Visitor: 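First the structure, which I've put down as structure tokens, then a few questions once you've had a look.
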Amino acid sequence: MSIDSLWDPGVQQAVFRLLLEATSRPGRIYELSPVLNDTPAFMAILATLVDKGVTLHDGARGLKQRELNVLQAVPGEAEKANFILASGAQPPEFKPAIGSLESPETGATLILTVAALGQRQMHVSCTGPGIEDRHIFQVQGLHPEWIQAREKWNAWFPLGVDIYLVDATQVCALPRTTCIA
């Protein structure tokens, strides 16, 4: 895997714009492959969002030491990390930071790797800001306990977590403002 291209400003800008679009239209699936250059989508997202000023917990154990060094994020415990990379196939085994009333923005951002977005296994129905009426998408490889845990973590809005579901080349955002039925 070549991660060198991920540091190109044009690539990071393209990934950031897709993440903004995904966050503003929850449940929609966005393709990142045009900018990935054979790099996993989760790595492109991390390279765009994290730096030495944030903490990162690699619960998925998907990052090699070289990648951790290049990202420069400070390793952290899941309960305190700003960003968490985890496998969506396994149930959550931690309670992430959900922020405080004084600083709700300190709630964690979770990047959950899944087998496939847009393929049948689980239907997820979303409502809320950025969704005209109701939006349903499909995901394969997401343990149902993530949805249940997300509801608990986001119960006291504006506290909560934001989640990006990521397969090999696609991303789908579930910000804390989105309701899942």
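Both backbone and side-chain heavy atoms feed into the values below; hydrogens, waters and symmetry mates do not. Nothing here was measured: the structure is a model prediction, and the numbers come from that model.
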Visitor: Give, for atom CG of L165 and atom OG1 of T113, the distance between the pair rounded to the nearest 0.5 Å.
Guide: 9.5 Å

Visitor: Short question: side chain of W153, backbone of V161 - any donor-acceptor pair under 3.5 Å?
Guide: no

Visitor: Rounded to the nearest 0.5 Å, what separation is found between the CE atom of M43 and the NZ atom of K64?
Guide: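 One gets 9.5 Å once the value is rounded to the nearest 0.5 Å.
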
Visitor: Just do the salt bridge (charged side-chain N to carboxylate O under 4.0 Å, His left out) check on R25 and E21 with the steps written out, would you?
Guide: CA-CA 6 Å; R25 301 194 191 295; E21 184 70 22; 2.8 Å; yes

Visitor: Are L117 and L18 co-members of a hydrophobic cluster defined by side-chain heavy atoms under 4.5 Å apart?
Guide: no

Visitor: Nearest 0.5 angstrom please: L68 CG to L56 CG, how far?
Guide: 6.5 Å

Visitor: Would you mind reporting whether L32 and Q170 have side-chain heavy atoms less than 4.5 Å apart?
Guide: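 No, side chains not in contact.
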
Visitor: Checking the side chain of T178 only, and the main-chain atoms of L174 only, is there a donor and an acceptor separated by less than 3.5 Å?
Guide: no

Visitor: Ignoring hydrogens and angles, tell me if any N or O in the side chain of Q90 forms a donor-acceptor pair with the backbone of S87 under 3.5 Å.
Guide: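 No; zero donor-acceptor contacts below 3.5 Å.
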
Visitor: Under 3.5 Å, is there a donor-acceptor pair between the S125 and R134 side chains?
Guide: yes

Visitor: For residues I163 and R150, determine if any side-chain heavy atom of one lies less than 4.5 Å from a side-chain heavy atom of the other.
Guide: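 The answer is yes; the side chains approach within 4.5 Å.
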
Visitor: Say whether, by atom type as modelled, one donor and one acceptor occur between the side chain of R176 and the main chain of F157 under 3.5 angstrom.
Guide: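 Not confirmed, R176 side chain does not pair with F157 backbone.
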
Visitor: For L112, which of L142, V139, I84 qualifies under side-chain contact (heavy atoms from CB on, under 4.5 Å)?
Guide: L142

Visitor: So do the side chains of E151 and I180 get within less than 4.5 Å of each other, counting heavy atoms only?
Guide: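 Yes. Closest side-chain heavy atoms under 4.5 Å.
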
Visitor: For residues P144 and M122, determine if any side-chain heavy atom of one lies less than 4.5 Å from a side-chain heavy atom of the other.
Guide: yes

Visitor: Would you say T55 and N82 are linked by a side-chain donor-acceptor pair, where the criterion is simply a distance under 3.5 Å?
Guide: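 Side chains of N82 and T55: pair found under 3.5 Å.
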
Visitor: Is a side-chain donor or acceptor of S103 paired with a backbone partner of E105 at a separation under 3.5 angstrom?
Guide: no

Visitor: Y164 and side-chain contact (heavy atoms from CB on, under 4.5 Å): which single residue from L110, T23, L85 fits?
Guide: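 The passing option is T23.
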
Visitor: Side chains of I45 and V166: does their closest heavy-atom pair fall under 4.5 Å?
Guide: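 Counting from C-beta outward, I45 and V166 do come under 4.5 Å.
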
Visitor: Judged by modelled atom types alone, do Q12 and D8 share a side-chain donor-acceptor pair under 3.5 Å?
Guide: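 Judged by distance alone, the side chains do not pair up.
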
Visitor: If you measure from CD on Q119 to CD on Q140, what distance do you get to the nearest 0.5 Å?
Guide: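 Q119 atom CD to Q140 atom CD measures 5.5 Å (nearest 0.5 Å).
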
Visitor: Quick one: are E145 and P92 in side-chain contact, heavy atoms under 4.5 Å?
Guide: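 Yes - at least one pair of side-chain heavy atoms lies under 4.5 Å apart.
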
Visitor: Please examine the side chains of H143 and W146, heavy atoms only from C-beta on, and report whether any two atoms are closer than 4.5 Å.
Guide: yes

Visitor: Given side chains that start at C-beta, do those of N154 and T177 come closer than 4.5 Å, heavy atoms only?
Guide: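 A side-chain contact is absent here, since even the closest heavy-atom pair is not under 4.5 Å.
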
Visitor: Where the side chain of H135 meets the backbone of G27, is there a donor-acceptor pair that is under 3.5 Å apart?
Guide: yes

Visitor: Side chain to side chain contact (heavy atoms under 4.5 Å, CB included) for C126 and F137? Distances and angles first, verdict last.
Guide: CA-CA 8 Å; C126 306; F137 71 96; 3.7 Å; yes

Visitor: Taking L20 as the starting point, is it possible to reach I111 by hopping between hydrophobic residues whose side chains are less than 4.5 Å apart?
Guide: yes

Visitor: State the CD-NZ distance between E79 and K95, to the nearest 0.5 angstrom.
Guide: 9.5 Å

Visitor: Tell me if a side-chain donor or acceptor on D167 pairs with a main-chain N or O of V171 at a distance below 3.5 Å.
Guide: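 Answer holds: no.
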
Visitor: Let me confirm one number: the CG-CG distance from L6 to N37, rounded to the nearest 0.5 Å.
Guide: 8.0 Å

